[in-house]
Amino acid sequence: MDVEWIKIAGIPKDNKPFVAENSIAEISIDGKRLYLTYFKGSYYAGEQRCPHAGALLTQGWLNGDGDIVCPYHRFCFDLETGKNTDGEGFYVQTYPVEVRENGIFMGMPKKKWWQFW
């Protein structure tokens with residue numbers, strides 16, 4: 001997948017994570033509402049809405065297995081792959097996140113010349 005790297009945050013001067021450990025923040029890129037979380041030393045990002053009932057995943061929580069948990073029906077989604085770990089077949093679109101010298105970047109898929117949305 002060809003991605004465009006978008007800077008989503010600078011590096012804090014105190015070198016603390018941009019998002020507190022085990023918390024979930026909402027970010028918006030190109031009109032998309034996404035979540036950003038910091039779990040066990042790594043950042044993860046994905047679509048904000050649960051594919052089952054549309055709940056905001058930022059209102060959910062992280063479990064100890066590395067899943068983001070939907071606040072409505074407690075469906076669990078793997079932070080890396082977005083796959084539902086409960087076996088229901090739903091998934092959340094996830095995006096790569098990189099920490100660089102000059103900030104935190106997220107990889108968004110590049111739109112093809114023929115895409116309008």
Side-chain angles (χ1 to χ4, degrees):
M1 173 173 49
D2 198 16
V3 297
E4 175 183 0
W5 291 96
I6 299 169
K7 186 174 183 177
I8 57 175
I11 300 294
K13 291 180 182 171
D14 58 7
N15 235 7
K16 290 183 179 177
F18 176 71
V19 178
E21 180 80 30
N22 297 329
S23 67
I24 307 166
E26 180 179 331
I27 60 173
S28 180
I29 297 177
D30 290 335
K32 286 185 175 225
R33 292 174 68 183
L34 307 168
Y35 70 79
L36 178 69
T37 187
Y38 188 76
F39 181 76
K40 293 188 178 180
S42 297
Y43 288 97
Y44 300 92
E47 293 290 332
Q48 164 71 307
R49 295 221 176 253
C50 175
H52 172 248
L56 298 178
L57 293 176
T58 51
Q59 294 176 358
W61 61 91
L62 301 177
N63 66 19
D65 296 328
D67 298 331
I68 190 166
V69 182
C70 175
Y72 284 5
H73 300 108
R74 298 195 169 125
F75 284 7
C76 299
F77 300 94
D78 183 272
L79 289 173
E80 285 188 50
T81 65
K83 291 183 180 179
N84 181 282
T85 59
D86 298 323
E88 283 86 8
F90 298 108
Y91 73 94
V92 173
Q93 177 66 51
T94 59
Y95 302 97
V97 180
E98 288 184 359
V99 178
R100 301 178 183 173
E101 280 184 19
N102 59 338
I104 301 166
F105 291 77
M106 190 174 88
M108 294 294 289
K110 284 187 179 180
K111 290 185 180 178
K112 306 291 185 211
W113 65 267
W114 45 266
Q115 288 178 312
F116 299 105
W117 60 94

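In this chain, residues are counted from 1 in sequence order.
Taking a 6.0 Å sphere around NZ of K7, one finds it holds more than 12 heavy atoms contributed by other residues, nucleotides or ligands. The local environment of CD in E26 is crowded, with over 12 non-hydrogen atoms from other residues, nucleotides or ligands closer than 6.0 Å. A 6.0 Å sphere centred on CZ of F90 holds more than 12 heavy atoms belonging to other residues, nucleotides or ligands.
Here the closest heavy-atom approach between residue I24 and residue L57 is recorded as CD1-O, 3.7 Å. Considering every non-hydrogen atom in both G82 and F77, the closest pair reads O-CD2, 3.5 Å. When all heavy atoms of I11 and N102 are compared, the pair lying nearest together is CG1-C, 4.3 Å. Contact record, Y35 with T58: CB-CG2, 3.9 Å, taken as the closest heavy-atom pair. Residue R49 comes nearest to R33 through the heavy atom pair NH2-NH1, 3.7 Å, listed as atom of the first residue, atom of the second, then distance. Residues A45 and M106 approach most closely at CB-SD, 3.3 Å, considering heavy atoms.
In this structure the side chain of P51 reaches within 4.5 angstrom of the side chain of V92, judged on heavy atoms.
For E98, the side-chain hydrogen bond (donor to acceptor under 3.5 Å, both in side chains) partners two or more places apart in sequence, or in a different chain, are R100.
The distance from atom OG of S42 to atom CD of E80, rounded to the nearest 0.5 Å, is 7.5 Å. Summarising the geometry, atom CG belonging to D2 is positioned 13.5 Å from atom CE belonging to M108; distances are rounded to the nearest 0.5 Å. The CD atom of E21 sits 6.0 Å away from the OH atom of Y38 when rounded to the nearest 0.5 Å.
Cluster membership check: V19 does not share its hydrophobic cluster with W61, using side-chain heavy-atom separations under 4.5 Å among Ile, Leu, Val, Met, Phe, Trp and Tyr. Cluster membership for I104 and I6, using ILVMFWY side-chain heavy atoms within less than 4.5 angstrom, is shared. Residues I27 and F39 fall into different hydrophobic clusters, defined by Ile, Leu, Val, Met, Phe, Trp and Tyr side chains chained together at heavy-atom separations under 4.5 Å. No chain of hydrophobic side-chain contacts below 4.5 Å, direct or via other Ile, Leu, Val, Met, Phe, Trp or Tyr residues, connects Y43 to L79.
D86 contributes a side-chain N or O that, together with a main-chain N or O of C76, makes up a donor-acceptor pair within less than 3.5 Å. Without hydrogens or angle criteria, E47 side chain to L34 main chain gives no donor-acceptor distance under 3.5 Å.
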Under 3.5 Å donor-acceptor pairs involving side-chain atoms of residues 64-74, not counting sequence neighbours:
{"residue": "D67", "atom": "OD2", "partner": "N63", "partner atom": "ND2", "Å": "3.3"}
{"residue": "D67", "atom": "OD2", "partner": "T85", "partner atom": "OG1", "Å": "3.1"}
{"residue": "H73", "atom": "ND1", "partner": "H52", "partner atom": "ND1", "Å": "3.2"}

